[in-house]
Amino acid sequence: MLPTLIAIACSAVLIILLCANDPKRRRSAGLADALQTSAMRRSFAALACLPGVVLALMGDAAAFLMWLGACASLGWFVTLWFGDRRERG
């Protein structure tokens, strides 16, 4: 269970960073250009997937599916959170 939680936490940080610096979201909110380059965003996306690959290679299907579901849910919640911040700000 601990490796799953660590994998979710690692991916969560990277998902939040990706959302915070998303160029389309920043343009529509009227914010300055993102500090991340396209290569950095691609690297963050690959790194966000890496914990799932590790869980799959460990052969723990349950941990992989929990990580996958948590990342999908987290992605939606982060999107809603950033959208709500834009409406209030």
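Basis for what follows: all heavy atoms, side chains included, without hydrogens, waters or symmetry-related copies. For clarity, every value in this text was computed on a predicted model and none was experimentally measured.
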Legend entry - Cys19 SG to Leu14 CG distance, which is reported to the nearest 0.5 Å: 13.0 Å

Legend entry - In one Ile/Leu/Val/Met/Phe/Trp/Tyr side-chain cluster, 4.5 Å: Val13, Leu74: no

Inset, instruction - Please answer: with hydrophobic residues joined when any side-chain heavy atoms are less than 4.5 Å apart, are Trp67 and Val53 in the same cluster? - result: no

Legend entry - Gap between atom OG1 of Thr4 and atom CE of Met58 - 0.5 Å precision: 7.5 Å

Legend entry - Pro51 to Leu47 - nearest heavy-atom pair and separation: CD-O, 3.1 Å

Legend entry - CD1 on Ile16 to CZ on Phe44, rounded to 0.5 Å: 12.5 Å

Legend entry - Side chain to side chain, Ile6 and Cys10, heavy atoms closer than 4.5 Å: yes

Inset, instruction - Following the transitive rule for hydrophobic clusters with a side-chain heavy-atom cut-off under 4.5 Å over Ile, Leu, Val, Met, Phe, Trp and Tyr, establish whether Phe64 and Ile8 coincide in one cluster. - result: yes

Inset, instruction - Look up atom CG in Leu18 and atom CZ in Arg42, then write down how far apart they are to the nearest 0.5 Å. - result: 12.0 Å

Inset, instruction - Rounded to the nearest 0.5 Å, what's the gap from CE on Met66 to CG on Leu55? Could you check? - result: 8.5 Å

